Amino acid sequence: MLFELFKDFAVQEFSVENPLFFERCQRAKLLTIRHLREEVLAIYETFIVPGAALQVNVGDSVVKQITLRILDEQIDRTIFDEAIVEVTEIMMRHSFPRFLRSRKRQSSKFTRLF
């Protein structure tokens with residue numbers, strides 16, 4: 001439930017691509033190999049490819065590494081691991097602390113009512 005609240009906050013902060021990417025990658029790791037390739041390609045097109053609708057901010061070397069693995073048909077559950085690390089770092093350094101501060105402000109406003 002907290003993650004859902006964080007995603008809502010990220011929408012307001014114009015950074016929803018990060019938690020959405022993280023969530024999709026975690027779900028993809030649970031898929032069977034048969035369904036994994038299709039989901040990896042969908043994640044790649046949505047979040048990784050330059051100009052993607054919800055492009056995440058990961059380094060060029062990570063984008064190249066993922067692209068090469070896809071082109072070489074080396075698709076497995078670890079394909080986005082480096083990108084996940086970078087996106088998680090962005091969330092933990094920037095969005096999540098702001099989210100916690102906003103929750104704290106909301107909580108203190110609520111307690112003052114009583």
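Please read these numbers as outputs of a predicted model, since none were measured by experiment.
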Heavy-atom closest pair, residues [X] and [Y]:
{"X": "Cys25", "Y": "Ile84", "result": "CB-CD1, 3.5 Å"}
{"X": "Ala28", "Y": "Ile43", "result": "CB-CD1, 3.9 Å"}
{"X": "Val63", "Y": "Pro50", "result": "CG1-CD, 4.4 Å"}
{"X": "Pro19", "Y": "Lys7", "result": "CB-CG, 3.7 Å"}

Calculate, to the nearest 0.5 Å, the distance between atoms [atom1] and [atom2] belonging to [X] and [Y] respectively.
{"X": "Phe14", "Y": "Gln12", "atom1": "CZ", "atom2": "CD", "value": "9.0 Å"}
{"X": "Asp76", "Y": "Ile33", "atom1": "CG", "atom2": "CD1", "value": "7.5 Å"}
{"X": "Leu41", "Y": "Ile48", "atom1": "CG", "atom2": "CD1", "value": "12.5 Å"}
{"X": "His94", "Y": "Glu13", "atom1": "NE2", "atom2": "CD", "value": "11.0 Å"}
{"X": "Arg69", "Y": "Leu71", "atom1": "CZ", "atom2": "CG", "value": "12.5 Å"}
{"X": "Gln26", "Y": "Phe21", "atom1": "CD", "atom2": "CZ", "value": "9.5 Å"}

Treat each ILVMFWY residue as a node, draw an edge where side-chain heavy atoms are under 4.5 Å apart, and state whether [X] and [Y] are in one component.
{"X": "Met92", "Y": "Leu20", "value": "yes"}
{"X": "Ile79", "Y": "Val85", "value": "no"}
{"X": "Ile70", "Y": "Leu68", "value": "no"}
{"X": "Val11", "Y": "Val87", "value": "yes"}
{"X": "Val40", "Y": "Leu31", "value": "no"}

message: Would Glu17 and Ser15 count as a side-chain contact (heavy atoms from CB on, under 4.5 Å) here? Give the steps.
response: CA-CA 5 Å; Glu17 68 278 359; Ser15 62; 4.3 Å; yes
field: Aromatic ring pairing Phe3/Phe22, orientation class (parallel under 30°, perpendicular over 60°, tilted between)
entry: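 Ring orientation, 0 to 90° scale: tilted.
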Check this for me: [X], atom [atom1], are more than 12 non-hydrogen atoms of other residues, nucleotides or ligands nearer than 6.0 Å?
{"X": "Glu38", "atom1": "CD", "value": "no"}
{"X": "Asp72", "atom1": "CG", "value": "yes"}
{"X": "Arg24", "atom1": "CZ", "value": "yes"}
{"X": "Asp8", "atom1": "CG", "value": "yes"}
{"X": "Arg77", "atom1": "CZ", "value": "yes"}

task: Please tell me if the side chains of Phe96 and Leu100 come closer than 4.5 Å, counting only heavy atoms from C-beta onward.
output: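 In contact.
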field: Any Phe6 side-chain heavy atom under 4.5 Å of Asn18 side chain
entry: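 Contact flag for Phe6/Asn18 side chains = no.
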query: What's the verdict on side-chain contact (heavy atoms from CB on, under 4.5 Å) for Ile66 and Tyr44, showing C-alpha distance, side-chain angles and the deciding distance?
result: CA-CA 8 Å; Ile66 293 168; Tyr44 178 77; 3.8 Å; yes
message: Test your reading of the model: is there a side-chain donor-acceptor pair from Gln65 to the backbone of Ser61, 3.5 Å cut-off?
response: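 Checking the backbone N and O of Ser61 against the side chain of Gln65, no donor-acceptor pair under 3.5 Å is found.
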field: Derivation and outcome, side-chain contact (heavy atoms from CB on, under 4.5 Å), residues Glu39 and Lys29
entry: CA-CA 10 Å; Glu39 182 62 7; Lys29 289 183 178 199; over 6 Å; no
message: Quick one, Arg98 with Phe9, criterion side-chain contact (heavy atoms from CB on, under 4.5 Å). Give me CA distance, side-chain angles, the key distance, then yes/no.
response: CA-CA 9 Å; Arg98 288 192 301 268; Phe9 176 81; 3.8 Å; yes
